[in-house]
Amino acid sequence: MFEKRFLKRLEIQKQNGLYRNPPEIEHREGRYIISGKRRVLNFSSNDYLGLSTSAEFSEKVADNFHKYGTSSGSSRLVSGNHSVIRQAEERYAERFGYEDSLFFPSGYQANIGVISTFFEPGDRLIFDKHIHASSVMGIQLSRADYKGYNHSSLSHLEKRLQVGGNRPAAVITESLFSMDGDLLNVKDLAGLKEKYGFLSIVDEAHAFGALGKNGCGIAGKVADVAIGTFGKAFGFFGAFVLLPRSFKEFLLNFSSPVIYSTALPAAHAASAVDLLELVSGSDEKRERLEKISILMKKQLLEKGFRVKGDAHILGVEIGDENMAVMLSKKLYQSDIFVFSARYPTVPMGSAILRISMTAMHTEMDVAYFVETLTREKERIADG
Ligand SMILES: Cc1ncc(COP(=O)(O)O)c(C=O)c1O
């Protein structure tokens, strides 16, 4: 009975161009993936600084696992509260200018854990309509009253803030949006915060490591709570939440994903500390990332593509889901791997080719991408 339903749903996904079937990767080599013995240029990875294949970091991680073992053995509250983890969290808090921080096994879990725990029925949550699925899930689980505002429209946010009286309010946004690639208007958000006094939660998953001084992101003091992930520019896995000390205490006591899930091991925390130095010392890589991203956008625009994105995430607007899939398949045949983001990741009818630029990409990679995409689009148009 269930299988029949699942197969039917999968068939509908295929018909609508929404079926997911990513290529299998055998190996990663810098900006390439090796798949089916082919070397494919990768524009689908959030490893923005290239740290995930850094020999230096891999060695440090291996040493840490040798030293501390492979598991924390249990949840943080049962037997996983290792001093190495606490010290690492203190280091992150200090570096990013917060009272404290708390590590999670993933950014997805962090957003759910934080948002679903902090808020309760009667609270007002106001969020950018394009925030990540994990934040939306956290909002729904909290059972607070919630309203979205149009993507990046702080005037719409202000309208939302004007209604609802004195009930506690929180605003949830990203600093660099994962699909649109645009940046939060930090100054205007700070102005609204001053005027309306809400709590702000800013997900800097795509900005931490890649943007700002020492890779400390762009939201700074406007975020009461900031979400970071190790899985993107940090080239690792897991996540960190920057927050006031009392908020951490609250999460340790009431957040289901913290209480009922095995903590990341001490070796992870020790490696996270190593990463702090690697990431802050990556100014050249950040400059390179910025430069190559600007070049990619410029060249795509020159060829007449509609491109969104203010930094290293660029979206080539395609619209039709089947067309986006077809283009990304054609590019793959030419040894380019780029993700076709479709509903529900982006709104229906707004499919994009989501280009993740990294500091490892070269001018020749950009030229090859633009040339191949232009050619394939023309071929499809010519039937
Ligand atoms: C904005 C944003 N927040 C959170 C996450 C989840 O982070 P993680 O991959 O560490 O689970 C993602 C991942 O895609 C994301 O784009």
Side-chain angles (χ1 to χ4, degrees), residues 20 22 42-49 51-52 92 96 101-117 125 127-141 148 151-152 171-184 186 189 200-212 215 217-219 223 225-243 255 257-258 261-264 268-269 271-272 275 279 308-315 338-347 352 354-358:
R20 265 73 169 163
N42 189 2
F43 286 100
S44 279
S45 166
N46 297 326
D47 178 20
Y48 301 121
L49 302 178
L51 290 177
S52 81
Y92 270 71
F96 286 85
S101 86
L102 180 62
F103 289 180
F104 278 81
S106 77
Y108 193 95
Q109 200 165 319
N111 274 328
I112 290 184
V114 165
I115 300 170
S116 69
T117 310
L125 298 185
F127 63 95
D128 186 292
K129 284 184 184 169
H130 286 193
I131 53 171
H132 192 254
S134 52
S135 298
V136 173
M137 185 67 82
I139 291 170
Q140 288 166 345
L141 287 172
H151 174 56
S152 285
V171 170
I172 303 171
T173 179
E174 288 172 23
S175 63
L176 168 58
F177 281 86
S178 62
M179 290 295 139
D180 304 88
D182 58 337
L183 295 166
L184 174 70
V186 175
L189 185 68
S200 58
I201 299 186
V202 182
D203 183 343
E204 294 228 61
H206 293 274
F208 280 159
L211 296 178
I218 62 161
V225 176
I227 314 292
T229 171
F230 292 113
K232 304 191 193 297
F234 285 69
F236 201 35
F237 60 91
F240 55 100
V241 177
L242 303 158
L243 70 187
S255 183
V258 177
S261 185
T262 302
L264 286 175
H268 173 276
S271 308
L275 268 175
V279 168
K308 50 187 184 175
D310 299 330
H312 45 277
I313 298 172
L314 300 173
V338 67
F339 175 61
S340 55
R342 291 155 284 153
Y343 179 82
T345 310
V346 295
I352 56 168
R354 181 188 180 276
I355 307 171
S356 272
M357 298 303 299
T358 73

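Counting starts at 1 for both ligands and their atoms, following the listed order. For this chain, numbers begin at 1 and follow the sequence in order.
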Legend entry - Any F230 side-chain heavy atom under 4.5 Å of F237 side chain: no

Inset, instruction - Check F234, Y92, F96 against F208 for a ring-ring contact (aromatic ring centres under 6.0 Å, His included) and give me the one that passes. - result: F96

Legend entry - Near ligand 1, at a heavy-atom separation below 4.0 Å: residues by chain and residue number: S106, G107, Y108, N111, H132, E174, S178, D203, A205, H206, T229, K232

Inset, instruction - Identify the residue among V114, T117, I115, L102 that makes a side-chain contact (heavy atoms from CB on, under 4.5 Å) with S255. - result: T117

Inset, instruction - Only counting residues at least two apart or in another chain, list the ones meeting side chain to side chain donor-acceptor pair (under 3.5 Å) with T229. - result: none

Legend entry - E204 side, atom CD; K232 side, atom NZ - distance, nearest 0.5 Å: 13.5 Å

Legend entry - Heavy-atom check, side chain of F104 versus side chain of I227, under 4.5 Å: no

